[in-house]
Amino acid sequence: MHDFVGWDFSQPLIIPGPCAIETEAVAMRSAEFFASLGLSIMRGGCWKPRTSPYDFQGEGEKALHWALSACQKYGISTFVTEVVSHEVDDLIDSVIKETNSPVTVVRQVGTRNAQNFELLKHLGVKRNAVLLKRGMGNTLEEFLSAGEYILAGGNTALALCMRGHRLKSDQNYRFALDHDEIPELKKLTWLPVIYDPSHSTGVQSAVLQIADDALGYSADGLLIDVHPDASIAQCDAKQALSFQDFEKWHRNHKPTT
Ligand code: PEP
Ligand code: MN
């Protein structure tokens, strides 16, 4: 039924990885670790859309090369990375072609580009899988309409990702949590709904509890920030899980389906 990376969603799809592929070592250590847990998908930002122009913007094409080599080396078949423009999307295609990479690259559209309709149209007429995040100020209807731009182009390899929003105030976390809206969203769409407990909470100690809660609210998967050495992470260090914490959770957690 679903057309997203060949996953049948009878079990939740767990997508872990560092917020950014900062170095070759981060790519290699991450791919090796996730493969050792039996996972075949990882995420990492190569191009980072940052709120401040003075913050780390990602290593771009270099990072993509590191990630593709690391995934290939350790047998990670699918890599998820953010596209910040249609040029970046096309560049990913040419790098895959030039390097003859066997790795499938899912195009993540971040919250800041969630209503970049020209980008969405571009991704809609291509056939690469897309992970579309909810715009941080978007209602569920607006979120679904953004997804419709991709479907309308004929691309059905789409998953939606909730990641917190700013439609109500919340004192405790980086964003107001929206995992309780998953059942509502799932009533309105046949698309898989992934939850991101890392960017929504922004707080490492809350991530796994909210991850489990999101599964309780019937999330079809989770996007989780996991970094080999969060103390040196150049982006979102406060929400990154250590390998150890992720591994412990991964071994114990029982899928809800
Ligand atoms: C990310 O996933 O690294 C990211 C930037 O997320 P968001 O677009 O949800 O802020
Ligand atoms: Mn991040």
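Counting convention: from 1, in listed order, for ligands and their atoms alike. Heads up: numbering here begins at 1 and tracks the sequence. Being a predicted model, the structure only gives us computed values, none of them experimental. Below, all heavy atoms of this structure are taken into account, side chains as well, without hydrogens, waters or symmetry copies.
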Would you call the rings of Phe246 and Trp249 parallel, tilted or perpendicular if under 30° counts as parallel and over 60° as perpendicular?
->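 The arrangement is tilted - the two ring planes meet at 30° to 60°.
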Is a side-chain donor-acceptor pair under 3.5 Å present for His86 with Asp89?
->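 Per modelled atom types, Asp89 and His86 side chains form no pair under 3.5 Å.
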Would Tyr195 and Asp213 count as having a side-chain donor-acceptor pair, cut-off 3.5 Å?
-> no
State plainly whether the residues [X] and [Y] are in salt-bridge range, i.e. N to O under 4.0 Å.
X      : Y      : value
Glu181 : Arg134 : yes
Glu32  : Arg29  : no
Asp236 : Arg174 : yes

Taking the side chain as every heavy atom from C-beta outward, state whether Phe9 and Ile194 have any atom pair closer than 4.5 Å.
-> yes
Are the side chains of Ile21 and Lys62 in touch, meaning some heavy atoms are under 4.5 Å apart?
->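 SC-SC contact between Ile21 and Lys62 ruled out.
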Does the ring of Phe175 carry Arg163 above it, NZ/CZ under 6.0 angstrom from centre and within 45° of its axis?
-> yes
Write out each pair where an N or O from ligand 1 and one from the protein are under 3.5 Å apart, with the distance.
{"unit_1": "ligand 1", "atom_1": "2 (O)", "unit_2": "Arg43", "atom_2": "NH1", "d": "2.7"}
{"unit_1": "ligand 1", "atom_1": "2 (O)", "unit_2": "Gln108", "atom_2": "NE2", "d": "2.9"}
{"unit_1": "ligand 1", "atom_1": "2 (O)", "unit_2": "Lys133", "atom_2": "NZ", "d": "2.9"}
{"unit_1": "ligand 1", "atom_1": "3 (O)", "unit_2": "Arg43", "atom_2": "NH1", "d": "3.2"}
{"unit_1": "ligand 1", "atom_1": "3 (O)", "unit_2": "Arg43", "atom_2": "NH2", "d": "3.4"}
{"unit_1": "ligand 1", "atom_1": "3 (O)", "unit_2": "Lys48", "atom_2": "NZ", "d": "2.8"}
{"unit_1": "ligand 1", "atom_1": "3 (O)", "unit_2": "His199", "atom_2": "NE2", "d": "3.1"}
{"unit_1": "ligand 1", "atom_1": "6 (O)", "unit_2": "Lys133", "atom_2": "NZ", "d": "2.9"}
{"unit_1": "ligand 1", "atom_1": "8 (O)", "unit_2": "Thr111", "atom_2": "N", "d": "2.8"}
{"unit_1": "ligand 1", "atom_1": "9 (O)", "unit_2": "Lys133", "atom_2": "NZ", "d": "2.9"}
{"unit_1": "ligand 1", "atom_1": "9 (O)", "unit_2": "Arg163", "atom_2": "NE", "d": "2.6"}
{"unit_1": "ligand 1", "atom_1": "9 (O)", "unit_2": "Arg163", "atom_2": "NH2", "d": "3.4"}
{"unit_1": "ligand 1", "atom_1": "10 (O)", "unit_2": "Arg112", "atom_2": "NH1", "d": "3.0"}
{"unit_1": "ligand 1", "atom_1": "10 (O)", "unit_2": "Arg163", "atom_2": "NH2", "d": "2.9"}

What is the number of protein N/O/S atoms located under 2.8 Å from the Mn ion (ligand 2)?
-> 3
